[in-house]
4 protein chains.
Amino acid sequence: MAKKMKIDMRNEILKSVESLISVSGVNSISLKDIAKTCNISKGTLYYYYKTKDEIIFDVIVKHVQELHTEYLDWIERHQHDLTIERFLSVILYKGVKLFNRAKLHIFLVNECIKGNDVLRNKFNELWNKWHKILQVGIKKAFKNEQESEDIAYLLMLIIDGLAIQEVLQNQIISEERIITLMKKIGERDVK
Amino acid sequence: MAKKMKIDMRNEILKSVESLISVSGVNSISLKDIAKTCNISKGTLYYYYKTKDEIIFDVIVKHVQELHTEYLDWIERHQHDLTIERFLSVILYKGVKLFNRAKLHIFLVNECIKGNDVLRNKFNELWNKWHKILQVGIKKAFKNEQESEDIAYLLMLIIDGLAIQEVLQNQIISEERIITLMKKIGERDVK
Amino acid sequence: MAKKMKIDMRNEILKSVESLISVSGVNSISLKDIAKTCNISKGTLYYYYKTKDEIIFDVIVKHVQELHTEYLDWIERHQHDLTIERFLSVILYKGVKLFNRAKLHIFLVNECIKGNDVLRNKFNELWNKWHKILQVGIKKAFKNEQESEDIAYLLMLIIDGLAIQEVLQNQIISEERIITLMKKIGERDVK
Amino acid sequence: MAKKMKIDMRNEILKSVESLISVSGVNSISLKDIAKTCNISKGTLYYYYKTKDEIIFDVIVKHVQELHTEYLDWIERHQHDLTIERFLSVILYKGVKLFNRAKLHIFLVNECIKGNDVLRNKFNELWNKWHKILQVGIKKAFKNEQESEDIAYLLMLIIDGLAIQEVLQNQIISEERIITLMKKIGERDVK
DNA sequence: GATGAATGAGTTTTCATTCAT
DNA sequence: AATGAATGAAAACTCATTCAT
């Protein structure tokens, strides 16, 4: 039970960080801010997490795992009526853009740049895992066995690119148009 | 001549920032670091730039303008033997990936998130300008008048995505494969 | 109890500032000095006060409120044997001159000049409040209902003037002589 | 001629300081600001003045001497029709209040507090000189030989007090009312 | 005479981390 | 479990002063 509470509190902390970064345009997150958002003291924060880096690490894990879960849930629900359009739409949608996760995503990438290799490796591990997950859907939607790997990679690049444009608030292209373009890649191979 | 020197020193400062971000895995760049790299005192730094933000602003401008220039130079030199492959290759190459600019790019995007609207607007302005420049090349290479705008956008998203993967040191897909996939988009419309 | 300690520390800080300004001929007070006088670190200072301005603000409030309290205490104790001489003497005495508050007073006035309107308004608010308090004593001592307002104002000007002469260490006139002159104003109206 | 120019430039500098303090609500004057106002470089400033303190010193001298001159000019022009009212009015007027000199006055007083004894002594010397000058007028206006010294002192205190109220923008009492009160002091002795 | 450039010691402020209770 | 208090190292920024040209 104690352990349960510990996990609950840790989750509370992670959620606070996410919202601080994603929702409010927070400058560069501090432990004081996090503690305040959780209604706990800075001291308590250190009861649950030994360092700030540990928190950021868990935020990354949570962030990407949620992407995975949401995507897998959706694909399960729609596996029998999977059009390319709907598939791409949901990928881009779930990817980063609309769930207020763009800022978080870029923030985390930037944390990784700061020479924190543990963080970076974890990020890559999870990102690559997503690639595998993504591939399954692509095979189904595109009915294309051969190039599913590359298409999955391309999609991931585009999602990252969209995240950047999102945080810059520079709406440069609609999803529809991306979908149209992507379809061309897939369609040719379908026949 | 004095003015010339002032510009020289400012350039020196900007170059230092770029290299600090790009080459070494700098934690989060400080004015002390910049000054040391330039072999000047912090005081001198403030002689040339009133605030850190001003420095970052100029780094952005310089960063994107160099992309523009390099790209335009190349396109001029190769406008008569422009294959889609070579075009895409150079875009992705010049884009971000190989010039050690990926870290810089992400770092600057992240600066923009921190609520610095002036920075963000400048970034977008320059980014959108690049879109226009890019489009010219695409029209020539793809011989496709209609979708050049969208293709240009897509390419820019991919470049941003590549930048992220680059800073994460997570080589997920080779340029060749991206090129192959992109060609499909273009080819269909050629006929 | 925790809150009590917080107030205690804040008081400690304010007292340090006061003594730094009043006693030693401090150049222009720094947070480092304040911290050292309190035997705390600069970081701790910021635990109790968010900015230097906030400290100065509280010093003003404390400074003037102490004037009020001391004066009111005295008037209560002496309200039954209130001669004009004793009244004037205590006003000028408590006013600024002898409690080492002159430097503090001028320092604070100067802070207000630096465009800090919040500070200035607070100073005026407290100063005008003192005018009201002063008036009560004047009515009793001078037995003069009509001009008590003006006399109170005049006294306050003189106190400010004395503060300046005090910090300049330029003893130009004894209190006795001021009292003699002021009495003339009052006496005429008594009859 | 060279010497003449040097004096001119020095005057230019002093005027700049005065206006920076008096007119604009300048924070805490810097040599950069002074140089800019004079349209010269900081280097040039150091050609005319060896230190900042030297500048402040000369500003004090100029400030008080101008008070003297203006007052003496006026008294000469009006020595034959000198009423107490007009005399007091012009003293308070010339004193500090209306010539935008209040801020300068308090600023200079504050500079003296900072432990600069040379400055302080000069200020006192000039201030005491003014007392003597003032006394002459008082004797004429009040026709009161005996108390002219004390009245002069009292007036100077009031002027300093008015300066403080002026910089605090806290108009507490009109000159008229001060004059009325002061007249009472004088009148009694006249008869 | 005049100046642009450089400096270093100083200022205010921030923040991850520790620890006694 | 929880926290208020404290810290110190580092951050951005200021400014009087110097000096070669």
Side-chain angles (χ1 to χ4, degrees), chain A residues 2 5-6 9 27-35 38-56, chain B residues 1-6 8-10 27-35 38-56, chain C residues 1-6 8-10 27-35 38-56, chain D residues 1-3 5-6 9 27-35 38-56:
Chain A
M5 278 177 69
K6 186 143 189 173
M9 195 65 226
N27 201 298
S28 74
I29 213 158
S30 79
L31 292 183
K32 197 178 144 203
D33 295 332
I34 298 172
C38 295
N39 287 319
I40 59 174
S41 70
K42 263 202 285 179
T44 309
L45 207 56
Y46 271 83
Y47 177 75
Y48 291 104
Y49 277 105
K50 271 204 283 291
T51 63
K52 194 187 181 185
D53 273 357
E54 243 179 61
I55 298 178
I56 301 294
Chain B
M1 206 173 321
K3 194 152 196 178
K4 179 81 182 311
M5 277 178 71
K6 185 142 192 171
D8 283 353
M9 194 65 221
R10 275 178 160 239
N27 203 296
S28 74
I29 212 159
S30 81
L31 294 180
K32 195 178 144 204
D33 295 333
I34 298 172
C38 295
N39 285 319
I40 58 174
S41 70
K42 263 191 291 172
T44 307
L45 208 54
Y46 275 88
Y47 179 75
Y48 290 101
Y49 278 104
K50 270 203 282 291
T51 62
K52 191 187 181 185
D53 273 359
E54 241 180 61
I55 298 178
I56 301 294
Chain C
M1 205 174 316
K3 193 151 197 178
K4 179 83 182 310
M5 278 177 70
K6 185 142 191 172
D8 283 354
M9 193 66 221
R10 275 177 160 239
N27 201 298
S28 74
I29 211 157
S30 81
L31 294 180
K32 196 179 145 204
D33 296 333
I34 298 172
C38 295
N39 286 318
I40 58 174
S41 70
K42 266 190 288 171
T44 307
L45 209 54
Y46 273 86
Y47 179 75
Y48 291 101
Y49 278 104
K50 270 202 282 290
T51 62
K52 192 188 182 185
D53 274 359
E54 241 180 62
I55 299 177
I56 302 294
Chain D
M1 206 169 324
K3 195 154 194 180
M5 278 177 69
K6 185 144 189 171
M9 196 64 226
N27 202 298
S28 72
I29 213 158
S30 79
L31 293 183
K32 198 179 143 202
D33 295 332
I34 298 171
C38 296
N39 287 319
I40 59 173
S41 71
K42 262 203 287 177
T44 309
L45 208 55
Y46 271 84
Y47 176 76
Y48 292 104
Y49 277 105
K50 269 203 285 291
T51 63
K52 193 188 182 183
D53 274 358
E54 243 180 60
I55 298 178
I56 301 293

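We name chains A, B, ... by the order of the sequence lines, and we start the count at 1 in each one. All values derive from a computational prediction rather than experimental measurement.
- Taking OG1 from B:T44 and CE from B:M9, the interatomic distance works out to 7.0 Å, rounded to the nearest 0.5 Å.
- Distances were taken from every side-chain heavy atom of C:S30 (C-beta onward) to each of E:dT17, F:dG4, E:dT11; the shortest belongs to E:dT11.
- Base engagement by D:L31 is indicated by at least one non-hydrogen atom pair under 4.0 Å involving a base atom.
- Among F:dA1, F:dT17, E:dT13, the nucleotide with an atom closest to any side-chain atom of C:Y46 is E:dT13.
- In this structure, of E:dG4, F:dT3, F:dG4, it is E:dG4 that holds the atom nearest to the side chain of B:Y47.
- Note: CD1 (C:I34) to P (E:dT11) measures 11 Å, nearest angstrom.
- No contact: C:Y49 has no heavy atom under 4.0 Å from any strand.
- Of the side-chain N and O atoms in B:Y48, one or more sit less than 4.0 angstrom from OP1 or OP2 of E:dA6.
- Distance from the side chain of C:K52 is smallest to E:dT13 among E:dT17, F:dA6, E:dT13.
- Nearest-nucleotide positions on DNA chain F for A:S41 and B:G43 put A:S41 closer to the 5' end.
- Looking at which nucleotide of DNA chain F each of B:T44 and C:L45 is closest to, the 5′-most match is held by C:L45.
- Counting to the nearest Å, the C1' atom of E:dT12 and the CD1 atom of C:I56 are 12 Å from each other.
- Checking C:D53 against B:K42, the closest nucleotide of DNA chain E that is more toward the 5' end is the one next to B:K42.
- Under the Watson-Crick and G-U wobble criteria, each requiring two contacts below 3.5 Å, nucleotide E:dG4 is paired to F:dC19.
- Protein atom CG of A:N39 is 13 Å distant from nucleotide atom P of F:dA2, rounded to whole Å.
- The distance from the CD atom of C:E54 to the OH atom of C:Y48 is 14.5 Å, given to the nearest 0.5 Å.
- Considering CG of C:D33 and NZ of C:K42, their distance stands at 10.5 Å, rounded to 0.5 Å.
- Closest approach of C:T51 to C:Y46, counting heavy atoms only: CA-CE2, 4.3 Å.
- Atom NZ in D:K32 sits roughly 15 Å away from atom C1' in E:dT7 (whole-Å rounding).
- The distance from atom CD1 of C:I55 to atom C1' of E:dT11 is 13 Å, rounded to the nearest whole Å.
- How far CD1 of D:I34 is from CD1 of D:I55: 5.0 Å, rounded to the nearest 0.5 Å.
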